[in-house]
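Lettering follows sequence order; numbering is per chain, from 1.
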Amino acid sequence: MQFLANPTRFLKIANAALPTVWAITIVLFAIGLYGALVTAPADYQQGETVRIMYVHVPAAWMALFVYTVMALASALALIFRHPLADVAAKTAAPIGAVFCFLSLATGSLWGKPMWGAWWVWDARLTSMFVLMLLYIGYMAIWAAIEEPHKAAMVARVVALVGFINIPIVKFSVDWWNSLHQPASVFRMGGPTIAGPMLWPLLVMGLAYTFLFLALHLTAMRAEIAARKIRQIQIAEIGDR
Amino acid sequence: MELVAQDLTCERGGRIVFRNVALSLKPGQLMQLSGPNGSGKSSLLRLIAGLNEAQTGSLTLKGGSEDLSIGQQAHYVAHQEPVKSALSVEENLAFWRDFLGGGDVDDALAAFDLSRLATYPAGLLSAGQKRRLALSRIVLVPRVLWLLDEPTVGLDTSSLERFVKVMEKQLDDGGMIIAATHVPLGREPDLRLELGGAP
Amino acid sequence: MDFSANHAGFVIASYALSFVFLAGLIASTLIRDRRLRHELERLDTQRQKARS
Amino acid sequence: MKLILALIKRDLTLSLRQGGGIGTALGFFLSVVVLLPIGIGPDQALLARIAPGALWIALLLSVLLSADRIFQQDYEDGSLDIMTMGPVPFEMVALAKAVAHWLSTSLPLAIAAPLLGFLVNLEPSAILPLALAMMLGSIALSLLAAIGAAVTVGLRRGGLLVSILVLPLYVPVLIFGLSASQPGAAPGLTTASLLILGAIALVSLVVSPLASAAALRSYLK
């Protein structure tokens with residue numbers, strides 16, 4: 001019953017912090033969107049489509065950041081056998097997968113006016129696509145194994161193996177991309193971004209990060225409740 | 001109505017499991033099948049259920065319905081539990097009710113005191129509880145012949161009493177039961193069939 | 001943001017898509033959290049009653 | 001008839017609740033689709049030419065590799081034994097399970113594949129013919145996969161064997177599926193291929209339950 005003992009501390013912190021985290025998220029989004037849509041100037045080359053960057057780049061950052069959080073949590077669970085770390089990794093995955101999907105979708109929407117095709121196997125998009133597969137694989141493992149404890153042990157390995165592969169995939173895809181130099185090379189981030197175009201990007205990045213924090217704490221709280229319910233059910237069944 | 005078998009021989013994987021077995025069972029009778037492990041108790045039950053073929057001999061259910069095979073007029077409870085852990089206890093039985101055609105899930109659950117666990121996922125059940133769920137399946141749809149392979153394994157005393165009550169009801173209703181078991185069934189069998197070990 | 005610029009539709013589409021998916025994620029997370037914590041309370045009170 | 005629907009309904013709920021059903025098949029489909037441009041290179045024109053073929057092959061492999069789920073679980077927990085004692089011939093049970101697999105995996109994939117065509121630069125005009133051909137073809141894919149699943153249900157390493165047994169049966173489906181999904185082809189060709197695809201589906205509708213039931217019975221012995 002070790003699991004039931006320590007989440008109470010986490011729950012106290014989460015319950016206390018969540019309202020403020022949500023508040024900060026909303027404020028950051030308001031400022032970020034205002035910056036992205038109003039104050040930031042159109043790009044001299046791309047025109048208005050550069051504004052897609054403010055939803056594309058933060059989503060890509062978060063897709064990578066959340067997988068790192070999952071890998072870290074899995075490592076913690078592996079080393080310290082901390083069941084809360086498993087809960088953290090499991091609940092982060094769907095959120096990371098949505099960010100990853102959004103980065104792919106907005107990347108495609110950005111690419112269409114620029115490259116004329118909905119999808120070009122550009123180095124960054126390809127690596128992001130592989131990251132999406134890693135997310136799907138990780139979530140499929142949790143879905144496939146019923147018993148939470150066994151699923152957790154397997155999922156830790158899957159997350160860590162995936163994490164080690166991210167730089168390898170990134171490097172090899174970049175190299176592959178330079179090999180097949182596509183006709184129209186397009187710098188995703190555009191020229192070095194300055195002043196009025198840059199701060200909205202950072203604010204949006206922060207907004208996405210706080211959104212993740214709020215969602216993650218809520219999802220962990222729900223997962224802890226789900227596990228307690230399962231243990232009560234097992235105990236109830238055990239009586240007779 | 002009578003289940004008659006004459007000089008049945010069953011061979012499995014090149015080994016003669018049993019040779020010229022004969023039996024006759026009438027409504028209201030309980031037959032206990034006993035014999036050392038590997039003496040073919042399960043094979044005989046599966047043979048009657050239509051899951052196995054005999055090399056020689058004949059097996060008929062006199063007075064049974066013409067167009068249904070013996071298996072379609074019988075219930076078979078084997079060692080493994082046909083229980084889907086992702087479905088709840090209730091959903092498991094509801095499926096069998098629709099598949100085998102009729103019966104009341106709540107009565108079946110009540111017969112083995114599973115009503116309280118109806119909404120729980122079946123994956124959380126203990127072996128004994130899964131056993132009771134498997135047994136409640138045969139109470140769901142009335143069939144004349146019961147073929148039970150070690151039915152009482154994993155049952156606690158109160159479940160055993162419920163099982164005996166259920167058997168009594170089946171026999172009183174003119175049903176027939178063949179149970180392969182080492183442990184007394186809690187009710188005296190009318191007939192015994194001793195399957196010798198492999199010759 | 002000049003809405004009449006060419007390709008403005010793509011910008012609107014990406015913001016709309018992001019909003020829809022993030023709102024969906026937020027909603028599903030909050031609903032699951034509320035549903036499970038409510039279920040947990042119900043089970044806890046039920047066990048208290050059974051115990052007392 | 002109610003019995004068949006009950007079996008299909010149960011299998012659908014099972015595949016959704018457990019093991020992510022369509023999720024894993026879709027994951028596999030995407031993995032195959034991502035390997036293609038990496039292997040062939042991101043050249044748009046080349047990708048556009050091979051897009052229909054690539055999507056068909058990815059569909060075949062996804063359906064094939066999710067096939068062993070059709071009978072495996074019911075075989076292991078003894079449900080199949082009891083299903084042979086049901087009021088309806090066992091062939092109907094085999095058919096119901098193949099239909100459940102079609103509804104839970106092949107059909108959704110056949111609908112998703114053309115929509116994911118943009119990844120391999122499939123022209124928008126090719127989406128509709130491809131979707132039509134794939135939906136029709138997916139019927140035969142599931143039914144034939146069911147035979148492979150039934151024949152290898154008792155074997156431990158059945159996965160590989162299923163592929164060798166079933167892929168040859170998939171060749172006609174691939175050929176006519178492809179000719180039915182060529183966007184620019186003469187209309188006569190498309191309808192003819194679709195009709196043949198339909199014929200293949202009907203033939204497998206008859207053959208699959210018979211073959212699967214026979215194979216399963218032998219394993220239950």
Segment of B:A74 engaging chain D (4.5 angstrom heavy-atom cut-off): both
Which heavy-atom pair separates B:F99 from D:G86 by the least distance, and what is that distance? CE2-CA, 3.8 Å
Heavy-atom cut-off 4.5 Å, strictly under: side chain, backbone, both or neither for B:V83 against chain D? backbone
Leading residue by heavy atom contact count with chain D [cutoff under 4.5 Å; candidates B:L68, B:L87, B:I70]: B:L87
Most heavy-atom pairs under 4.5 Å with chain B, out of D:L5, D:I4, D:L7, belong to D:L7
Please tabulate, for the side chains in residues 23-35 of chain B, all donor-acceptor contacts under 3.5 angstrom to protein atoms that are two or more places apart in sequence or on a different chain.
{"unit_1": "B:S24", "atom_1": "OG", "unit_2": "B:E2", "atom_2": "OE2", "d": "3.1"}
{"unit_1": "B:Q29", "atom_1": "OE1", "unit_2": "B:K26", "atom_2": "N", "d": "2.7"}
{"unit_1": "B:Q32", "atom_1": "OE1", "unit_2": "B:R192", "atom_2": "NH1", "d": "3.3"}
{"unit_1": "B:S34", "atom_1": "OG", "unit_2": "B:E194", "atom_2": "OE1", "d": "2.8"}

Between CG of B:L100 and CE of D:M83, what distance do you get to the nearest 0.5 Å? 9.5 Å
Could you check whether atom CG of D:L161 has more than 12 heavy atoms from other residues, nucleotides or ligands sitting under 6.0 Å from it? yes
Please look at D:V93 and chain B and tell me whether the side chain, the backbone, both or neither of the residue comes under 4.5 angstrom of a heavy atom of that chain. side chain
What part of B:A78 lies closer than 4.5 angstrom to a heavy atom of chain D: side chain, backbone, both or neither? neither
Below 3.5 Å only, please: all the donor-acceptor pairs between chain B and chain D, one per line.
{"unit_1": "B:R46", "atom_1": "NH1", "unit_2": "D:D81", "atom_2": "OD2", "d": "3.2"}
{"unit_1": "B:R46", "atom_1": "NH2", "unit_2": "D:L220", "atom_2": "O", "d": "2.8"}
{"unit_1": "B:Q72", "atom_1": "NE2", "unit_2": "D:G86", "atom_2": "O", "d": "3.0"}
{"unit_1": "B:K84", "atom_1": "NZ", "unit_2": "D:D74", "atom_2": "OD1", "d": "2.4"}
{"unit_1": "B:K84", "atom_1": "NZ", "unit_2": "D:D77", "atom_2": "OD2", "d": "2.4"}
{"unit_1": "B:A86", "atom_1": "O", "unit_2": "D:R17", "atom_2": "NH1", "d": "3.1"}
{"unit_1": "B:E91", "atom_1": "OE1", "unit_2": "D:R17", "atom_2": "NH1", "d": "2.9"}
{"unit_1": "B:E91", "atom_1": "OE1", "unit_2": "D:R17", "atom_2": "NH2", "d": "3.4"}
{"unit_1": "B:E91", "atom_1": "OE2", "unit_2": "D:R17", "atom_2": "NH2", "d": "2.7"}
{"unit_1": "B:D98", "atom_1": "OD1", "unit_2": "D:K2", "atom_2": "NZ", "d": "3.3"}
{"unit_1": "B:R143", "atom_1": "NH1", "unit_2": "D:M85", "atom_2": "O", "d": "2.9"}
{"unit_1": "B:R143", "atom_1": "NH2", "unit_2": "D:M85", "atom_2": "O", "d": "3.2"}

